[in-house]
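Below is one structure; the comments refer to it alone.
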Amino acid sequence: MLYILHISDLHRSSAEPFNNDAVLAALLSDSTRYRLETPPIPRIDAIIVSGDIIQGLPIRDGAEDASLWKSELSEQYDVAYDFLCKLTDRYLGGDRSKIVIVPGNHDICWNTAFRSMAPVKSEEVKNGVFKVLSETGSLYRWSWSDLTTYKIVDPVAYSCRLDSYWTFVEKFYDGVELVRPIDRSAGYNLFEIADGRIIVAAFDSIAGNDCFSFSGDFAQDAVARCALELHDLNRVHDLRMAVWHHSIDGPPNRQDYMDVSRIHEMIGHGFRVGLHGHQHRAAAAAHYIHLPESQAMAVISAGSLCAGARELPRGVDRQYNVIALGDDLSSACLTVRQMTEGGHFARKNDGRFAADGSIDLSWERPLDHAGRPPDTDQLRLRQAIECAETLFAAGDPDGALNALNDVKFSPFTYQRSLALKLATASDKPERILSIIESPNNVDELVQFVMACIRTRRIELAEKSLSLPLASELSSALRNDIENRIETFRALNS
């Protein structure tokens, strides 16, 4: 099984400080507990952080020096950077490629957004404020605090409202090998976990979100562009997972959630698991569309890891999730951990979930063109072989051999004979030995013995000549091999 630590809403309330050491100590103590529970959670393989990395700042006086609040934001991100680095070190051995981060509404700099706007004269919205506010991509905003309509008059400045967040993210992933480099303008980033079996699309659900506009949304066509990139990436994945920040439902008097049609769009493009935060409480549900067959996505929300009591729903304390994905990546068990007495985490058992704080989820994997679940292992093998053949034909036997690094070289298979051909062309006797291990025919025996001699494993070469398979060697070939061994011994005596 694959175990994912899903945390969200790391913003800290100044009224209820929860510093990095306290968070880490509580998480690590709980990890000891859930290793002993039934079923146990033995380890963490990846970490998902679904937004709201910092608390952010309120709108400040327009005359105040911008460098002051930018410095305060930087300090908050320094705390988050320290926490996530230590978390990665503790759980993932420092491998930052296995942690996925997305922004949330708290990561938006309200001061930057506000300074890109100007009040609007009444005649400019004479056809109605609601009409201009509801237009797709509207530049207009309504402020309830001063009952004023504002307009984004400097779109370039407005687009910089996440600069502090992206500076933090680029610093965190500096030097880390990802599917592609972090792109702050794409609307999503891509990560691979579980040795490449899972592709994670990390969407920014903050398009148009600012100090006056609270609803969540993706950048226009972000899901479509992501689907096209995954198609062109030409890699085989067993599971497509999406991560964003905003919740997809909420009470009538609030407008800070995301349209559920985004979920339906992702389902149609093969995403089967979605993780988010924002609502400050754990939840899980299946969402369906029919195309024409029924397709579903398991949508999982994480509670807030660090928020204070004033920011949490009634009856809910700080929370986080551990998600155990089944080996076939078509099922999961979500376990919710909630803070209890003394600042410790334990199983959540408030009625929304089973007594052990868990819920089981499942989904059908997307079908291939023949209407069958795809054999991803065979697809990966075929892809690796095609890549190796292309590189070898282009005169790059080393690169071709590297393309087969994750392939199993079972006896009497084409990939085994191809790998031996490439290792010979690359003059890599050590690789020949690792591919063959135990010869299955005369040709492999000869290659194996010659590689033993070249790598000074004379005893192994002589032992190989005593195998039953060696009786099939011609006298001339056997004499040649034995002479090579005697020559080696003479030169090294």
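Every value quoted in this text rests on a predicted model; they were computed, and no experiment measured them.
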(request) Check step by step if side chain to side chain donor-acceptor pair (under 3.5 Å) holds for D9 and H280. (result) CA-CA 7 Å; D9 297 80; H280 292 183; 3.1 Å; yes
(message) Quiz question: by atom type and distance under 3.5 Å, do the side chains of D95 and Y91 form a donor-acceptor pair?
(response) no
(message) Between E192 and R197, does any NZ, NE, NH1 or NH2 come within less than 4.0 Å of an OD or OE carboxylate oxygen?
(response) no
(message) Check D377 with R380, please: is the shortest side-chain N to carboxylate O separation under 4.0 Å?
(response) yes
Give every donor-acceptor pair under 3.5 Å between a side-chain atom in residues 282-291 and any protein atom, sequence neighbours left out.
none

(request) Taking only Lys NZ, Arg NE, NH1 and NH2, and the carboxylate oxygens of Asp or Glu, determine whether R262 and D259 approach each other closer than 4.0 Å. (result) no
(request) For Q378 and Q383, run side chain to side chain donor-acceptor pair (under 3.5 Å): C-alpha distance rounded to whole Å, both residues' side-chain angles, the deciding distance at 0.1 Å, then the answer. (result) CA-CA 8 Å; Q378 283 298 315; Q383 187 180 80; over 6 Å; no
(request) Return the orientation label for the H278 and H245 ring planes: parallel under 30°, perpendicular over 60°, tilted otherwise. (result) perpendicular
(request) For the pair E135 and K131, find out whether any cationic side-chain nitrogen is under 4.0 Å from an anionic carboxylate oxygen. (result) yes
(message) Checking H246 against S205: is there a side-chain donor and acceptor pair closer than 3.5 Å?
(response) yes
(message) Between R347 and E37, does any NZ, NE, NH1 or NH2 come within less than 4.0 Å of an OD or OE carboxylate oxygen?
(response) yes
(request) Please determine if D163 and R184 form a salt bridge, counting it only when a charged side-chain N lies under 4.0 Å from a carboxylate O. (result) yes
(request) May I ask you to say whether R180 pairs ionically with E229, meaning some side-chain N is under 4.0 Å from a carboxylate O? (result) yes
(request) Any chance you could lay out the side chain to side chain contact (heavy atoms under 4.5 Å, CB included) test for W144 and F212, step after step, and finish with the verdict? (result) CA-CA 8 Å; W144 283 104; F212 300 132; over 6 Å; no
(message) Whether R12 and E75 form a salt bridge (side-chain N of Lys/Arg under 4.0 Å from carboxylate O of Asp/Glu) is what I want to check.
(response) no
(message) Looking at D210 and R161, is any side-chain nitrogen of the basic one under 4.0 Å from a carboxylate oxygen of the acidic one?
(response) no
(message) Tell me whether D238 is salt-bridged to R365, with the criterion being a basic N under 4.0 Å from an acidic carboxylate O.
(response) yes
(request) Identify whether the distance between the nearest side-chain nitrogen and carboxylate oxygen of R43 and D45 falls below 4.0 Å. (result) yes
(request) Could you pull out the closest heavy-atom pair between A219 and R225, with the gap in Å? (result) CB-NH2, 4.1 Å
